[in-house]
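All remarks here apply to the structure that follows.
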Amino acid sequence: MRLGVCYYPEHWDRNIWREDAKRMIDLGLEVVRIGEFSWAMIEPAPGVYEWNWLDEAVDVLGCAGLKLILGTPTATPPKWLVDTHPDILAHDREGRPRQFGSRRHYCFSSDQYAAESRRIVTAMVERYGQNNAVEAWQTDNEYGCHDTVRSYSPEAAKAFRKWLQFRYGDIAALNEAWGTIFWSQVYRSFDEVDLPNLTVTEPNPSHVFDFYRFSSDQVVAYNKMQVNIIRANSPGREIYHNFMGHFTDFDHFRLSEDIDIAGWDSYPLGFLDVEDYPAAEKEKFMRQGHPDFAGFHHDLYRGCADGRLAVMEQQPGPVNWARHNPAPLPGMVRLWTHEAAAHGAELLCYFRWRQAPFAQEHMHAGLLRPDNSPAQAYEEVQRAAKEFVDLKTQNESASFKSYAPKVALIFSYETQWMSEVAPQGAQWNYIRIVMQWYSVARSLGCDIDIVAPGSELDKYEFVLVPSLFHVSASALEAFSKTRATIFFGPRSGSKTETIQIPKNLAPGPLQEIFPLRVTHSESFPDFHTEHGKFAGEKVFSHIWLDHVETSLAPLVKSETGAGLLYRSDRIWMFTTVPDENFLYLALTAAQENSVGNIKSLPTGLRMRANGELQYAFNYNAEISDLPSQFFPDIPTTLIGAKTIFPADVACWRKQQN
Amino acid sequence: MRLGVCYYPEHWDRNIWREDAKRMIDLGLEVVRIGEFSWAMIEPAPGVYEWNWLDEAVDVLGCAGLKLILGTPTATPPKWLVDTHPDILAHDREGRPRQFGSRRHYCFSSDQYAAESRRIVTAMVERYGQNNAVEAWQTDNEYGCHDTVRSYSPEAAKAFRKWLQFRYGDIAALNEAWGTIFWSQVYRSFDEVDLPNLTVTEPNPSHVFDFYRFSSDQVVAYNKMQVNIIRANSPGREIYHNFMGHFTDFDHFRLSEDIDIAGWDSYPLGFLDVEDYPAAEKEKFMRQGHPDFAGFHHDLYRGCADGRLAVMEQQPGPVNWARHNPAPLPGMVRLWTHEAAAHGAELLCYFRWRQAPFAQEHMHAGLLRPDNSPAQAYEEVQRAAKEFVDLKTQNESASFKSYAPKVALIFSYETQWMSEVAPQGAQWNYIRIVMQWYSVARSLGCDIDIVAPGSELDKYEFVLVPSLFHVSASALEAFSKTRATIFFGPRSGSKTETIQIPKNLAPGPLQEIFPLRVTHSESFPDFHTEHGKFAGEKVFSHIWLDHVETSLAPLVKSETGAGLLYRSDRIWMFTTVPDENFLYLALTAAQENSVGNIKSLPTGLRMRANGELQYAFNYNAEISDLPSQFFPDIPTTLIGAKTIFPADVACWRKQQN
Amino acid sequence: MRLGVCYYPEHWDRNIWREDAKRMIDLGLEVVRIGEFSWAMIEPAPGVYEWNWLDEAVDVLGCAGLKLILGTPTATPPKWLVDTHPDILAHDREGRPRQFGSRRHYCFSSDQYAAESRRIVTAMVERYGQNNAVEAWQTDNEYGCHDTVRSYSPEAAKAFRKWLQFRYGDIAALNEAWGTIFWSQVYRSFDEVDLPNLTVTEPNPSHVFDFYRFSSDQVVAYNKMQVNIIRANSPGREIYHNFMGHFTDFDHFRLSEDIDIAGWDSYPLGFLDVEDYPAAEKEKFMRQGHPDFAGFHHDLYRGCADGRLAVMEQQPGPVNWARHNPAPLPGMVRLWTHEAAAHGAELLCYFRWRQAPFAQEHMHAGLLRPDNSPAQAYEEVQRAAKEFVDLKTQNESASFKSYAPKVALIFSYETQWMSEVAPQGAQWNYIRIVMQWYSVARSLGCDIDIVAPGSELDKYEFVLVPSLFHVSASALEAFSKTRATIFFGPRSGSKTETIQIPKNLAPGPLQEIFPLRVTHSESFPDFHTEHGKFAGEKVFSHIWLDHVETSLAPLVKSETGAGLLYRSDRIWMFTTVPDENFLYLALTAAQENSVGNIKSLPTGLRMRANGELQYAFNYNAEISDLPSQFFPDIPTTLIGAKTIFPADVACWRKQQN
């Protein structure tokens, strides 16, 4: 894995660029990402281009030996462009234009903005597309950030109607798919269909879901437009985009089909703060981030782009945008760096080179402080860079194929959207349930691939499906073909692809491989749990309960007699959301006929193998010991030891079995 | 009481209608309610009527022996109508049109919508008004649902000005009534008066209150317009409307003057979930609903329409619209059915026949599942239907007049609106206080009539007035004439009819019958209680405290010396909101000179007599015993026994005293 | 200190005015404030003036011997004015006009409103400016109430651009000051700059901060316009404005430069209720208000107007506008009255003479009830008025200069705005931190002056700077010159005047007087505290932590090794927000080389000297004893004694040291 940094030459005096470049090289960095917010500097007035400064920046950085990733500058159209074409602005759910003054102030459905984007991207790619220093491109920046995927503008309405027409062909098909006969909503033509905002009460869920699908497709199409320009004008350069954490408003699997490498921006502390964890957990990991935050996204985005992963922005210190912004525990920046490598990243860029003393992110740390002295992470990066050189030497033998993940977790953007559109219970939170399943599996020491529904599953021994509302024909086929043990969570197969109830009721098509039918479902408030007995322990579940008709005897029954867990041969199915211990017991019970090696890691420790290298990470603020079963009789480690210091790493060469 | 069901033939293939009708009859249903969301199917394009399908549906259902209630379809105007006349849309408090895409997307003040409503209702009534199968009509559907009574549209502003002109005659009277001299708000003409939304800070409370009264009147007038059309064209048919639970934005007493039977839609689980009960109570009754929810509404709406009550929609399983949607405990659907009969309902319709697999309510249970197999409630309905046949046989002797309720509770829509407009304390919640008084009286085993202020009170022995902000001349007369024991809660008589302070201060006109005057009042945060001693116990109150001048000695004094409860002859008056035990002790203390028979039922048990039949209901999830004083030496029961199973019912013939 | 009352003759029949005036005099009142909401009565139609009623009111009150303060009526423009010029309305953050129907419905940037204001103020001042009964004017009423300082109207946008042009001269300077190169926000001209609302995500903080400064300047300019008219037409009359509690949207120091006396409106109970105190504290002081609420504002506003202070509105009983509205504990109205005198007020007016039975404030108590009988506070006012006469006699010797406050607390409106614009941590609340420092110092018995940054500090022995984000040249000079002990809180000197990071990092210019530099800062969630050891005790801090480079040894180190408190000679600096005990220990540790006399008062007791009179106040609902060190061997008191009853006062003549 190479190391790099995000850099904004336009923020600094030209005099300092050369020294910056030299210090990057000295620090062990090989890559620099620039340009993604520079439109107003490149084109300060309509049609007036000022390449001079960027030419020089590219030249200085390139000559110093750095490889450049250039960002297309479309995330921040200049004020003059917004003033000339106010209809490029997105509209919010309240129907108001979302104004200039920050970033991402454009609507993915604006034809005008598409044209302007084509113009500026073409100009940039034509100028630098064959520059030797430029090894790659990044399209735009963090698509969807600040809730920008779904726009309720007139432009979006127009595009939505076209999309519907293309999808359904004639309006009768739409009426059928959405069930518009309900509440007298029948449409006579596509022109009658509005966006589903500002309705008196909840709009038709199929309508909203199609709007979400449409909105995702618009992002994919907009990105594809930029990709096409780059491919045509910058041969041999790879294309990245930088995704975000826990962001699901567009289908990252589909967008990734058009790029080469799925990058993402990793801010573990900020996300721990803004997300919904118990206070005790937030305090325990306040300066480390949640132990599964980075790992989950590495595995998810690696799965999006056929195994090609990068961290485009790595938090190097306190940020500015969370509700509270503590500093990483000393060691964490190095830990996150090694962890990205362990999960298969090819590149990790720190964000940013030097803290800008002005504007929205003036309190966002960099590798350098605003006065140009080294900040907190500088030394950790230096140390990690040296360790990378060493590890590369150690790891030159071929990867051990035997260490590829044996566990797949299926993640479905459509299930997330359906969960938002038709939750049926306020506690139901798909992404949180997915994270819980991921965490339990990681705490068992498993390496995990995260894959899209319908992916080939033959190479796995365990397949985890926390929930999959709509089971497509290809997904059913993959489940049928694999010989893996499969665990399904509740609500799987409960919807058609337009959010209707399947003709044969839930779990719909899964009834072909699992002899069970849902008669009715309950959702519960947070204070209600169901409980039963499993493996000699009292186990708990919550949030949801499917009542079923089946010939199977339940493995676990609730105190009121409802089955909570069923098994038919190699397939297990929960009718409820198990808590972590219940899930842990179920996964270990399935061990005998599967991957084996399932034991539990102490809190805060995580393992991950990459090729022949086995890593262990200590997310705790205290010293922690690896249990012996995870650290068998090892002659020598490459980094660290069985006893791992706070925020520290161990790495050793895996033994061939 | 007859049983029926809500049915949407337009959702299903015509082939299945005949079988549906037969199964309804077989199940013991006699009535079917149809049509209330069918405008777009009846008139798919402007002026193009398609009666064919509805003719057939009416024919099939009628021929099977079912009696039909037809709903006018005005709750869901079609998209083409909204596109043609966008000014029919209501506007929300934020000043925005409330868009098409769900239901109730119309403004009660739109002249255009009134005209369109007249047109479609006339067409429908002319076609089916004299059809033999049609025994009744329902106007529109759930007036006010989704906060639709109060519209802030230009049409509403225009109508409001007319309403004010009619009410006040000249603008000087309005200025006087509202006290517009305060903050320089004097109006020179009615044309200057706007709707009271989007003001800088709180608008004039008299202004807002008149807007609330106006909005209620608009609903009444709109309904009356439909009623007139039906009366003219469908002689001999009765008219229903289906009210909602805990909904107070219009005056249901006034609207009910124009219809024949007050129907309401009973969803006990959904309401328990969305309303503000303590978590422990929510968990205890999660699958049963609050034991007083249905009873309260039966008694209120029976009081609205001179004793004529129906349940137009009865929850038969999990619904889709609450935050959490559990399933009724087995038995509850049968219990709710008997309870409606006990409270005097003439008809109860389950909602709905078969669960629709599409659109907003695809997760709302019916009597049948979407695959046409019987759902959870089917058998319970079957059992209840049989029991009804038996009970009817048993109950053929005349009703015992001696068992008519001896307790009246006065409910005032105006007090609710004044409480919203001028709460003076954030904990003050009129409807919640009313529910508390109702619950205490029900837990004492009392049967209760809920009546409007000003109603004749002579036939009662106990009158409960949890609060009555404005005491009108007729209300004062009724209080003066009756010989009943009356309990007043705080703030009674504290406002004039335009929310001014009475010239003689609170309790205003009540000073004629109670020698006490309020000098000033306090409202408290939730953490503050007052306490005193009563009947040997420490008693608590909260939320509110009136300080008074009076010749009476307080029955209870707070620790700081304020009187909490006063009595003058047959009238008792609280200066504060008593907690349940304080209220219980006060009611029982008044027992000697009143109805007697006041004892307390165990939690979750409720009693109710109808004619000579005495019912008892167990809302608990556990077996419960009726105390002996409520179950005197009874030779035989018609249903159940002294020991009542969870969600079960007992019924016996009352003994003549 | 004189006593007065707020009076609205227009609310009452003229017949009662004469009696009202006589009762005021009899009660001991000398001043009456009238007129501030009377525009619609003075000018009922455009250009039609009706002075008759006001002439008579002024005459009646003046003849009775009362001195009048006339309010300009601009806080409530009449409806006809709004209808004629809708562009006088302010716009809210959502971009909507804030409508007529309450008060303060105007935009400070409206040229049209400025013209109308000039017209009505001129007319009023020309009529009464030389009237003998009129001794003073109040401009408008409670500038900024209901969030009205910041308007997002087109008029405001226009004025903002002019303001920016004036401030920055050319657009390049603005781009530099705001750092618009970040996120491509570069402007080409001032015309391109919009107001910073409705942006996609957070706008540029320098942009928002300038908008806040601009908005404050608009208030100052609007007030100045009125002041100029009064000065020109009403020679010899003094000018007041009535400020509010804890209101910081404009710079009260700057506005006060143009008036003579800083008045404010004191509602201790309402503020306790709506502000963010722990429930236990809210309950303890529910009927008294927070013991530091009035004192803080007395000290702050006295500091605004060079020592000239008045209370323009004093709560006399329950109010109507808080969430909960209890009544003052008997005695509190008298206590608040004496306390205002102790803090140097020249005048205190009760709000209002008689409770109005109508409109928004019909539940707001007055000295009289709506039926004209004395309300709760009447007797307390009578008693206080008599005591004032006695004290004046006792206090005729010259003030002891030695008792002027030795402690200054620096309060910065700009720091408050910067805290709102760039909090960097959700727990950071500048005004709350200031209140905490003030409370700790008051509980030590200190009298305090609150002064603006840059004020001369030579006369103080202790200077408290809870935080001061931007340290101006004049502020630095004052800190450098004084020989006082100075305590700085965290974040001091952390920003430039346009919210950039100082070139030499935080604490910026303070590095000239304190050898320490901040490397990075952390903000914490509410559940995280840092702790260390100081003066033998475990001490805690929270919210914020600056990590520093310094040659100084920390006086306190956190458990993770960070310095929490540093000292260099006479300057002490916290890197964190200390809790109250930590701050208390630090202040007392600094005692040796400073004011001395630092001991702690029991909870709820407060002391304050004015000239030779020493007061003590008991805010508790229980009897409390003054500790001996605060009540040395005193031969005789003027009011009360060492043991103070609930809500009572003690006062004695200070002994010369």
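Keep in mind it's a predicted model, so treat the numbers as computed, not measured. In what follows, chains are A, B, ... by sequence order, proteins preceding strands, each numbered from 1.
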Side chain / backbone / both / neither for C/I499 at chain A, heavy atoms under 4.5 Å: both
Step through the shown structure and confirm whether more than 12 heavy atoms of other residues, nucleotides or ligands are within 6.0 Å of CZ on C/R167. yes
Checking C/R96 against chain A: side chain, backbone, both or neither under 4.5 Å from a heavy atom? neither
Where on C/N197 is there a heavy atom nearer than 4.5 Å to chain A: the side chain, the backbone, both, or neither? backbone
For C/H528, is it the side chain, the backbone, both, or neither that has a heavy atom closer than 4.5 Å to a heavy atom of chain A? both
Give me the atom names and distance for the closest heavy-atom approach of A/R93 to A/D147. NH1-OD2, 3.1 Å
Assert yes or no for the condition that the ring centre distance of A/Y106 to A/F108 is strictly below 6.0 Å. yes
Give, as side chain, backbone, both or neither, the part of A/R103 having an atom under 4.5 angstrom from any heavy atom of chain C. both
When you look at CD of C/Q511, are more than 12 heavy atoms from neighbouring residues, nucleotides or ligands closer to it than 6.0 Å? yes
Given heavy-atom pairs under 4.5 angstrom as the criterion, report whether the side chain, backbone, both or neither of C/A177 touches chain A. neither
So for atom CD, which belongs to C/E176, do other residues, nucleotides or ligands contribute more than 12 heavy atoms lying within a distance under 6.0 Å? no
Would you mind telling me which of C/Y187, C/F527, C/W544 has the largest number of heavy-atom pairs within less than 4.5 Å of chain A? C/F527
C/W183 versus chain A, the contacting section by heavy-atom distance below 4.5 Å: both
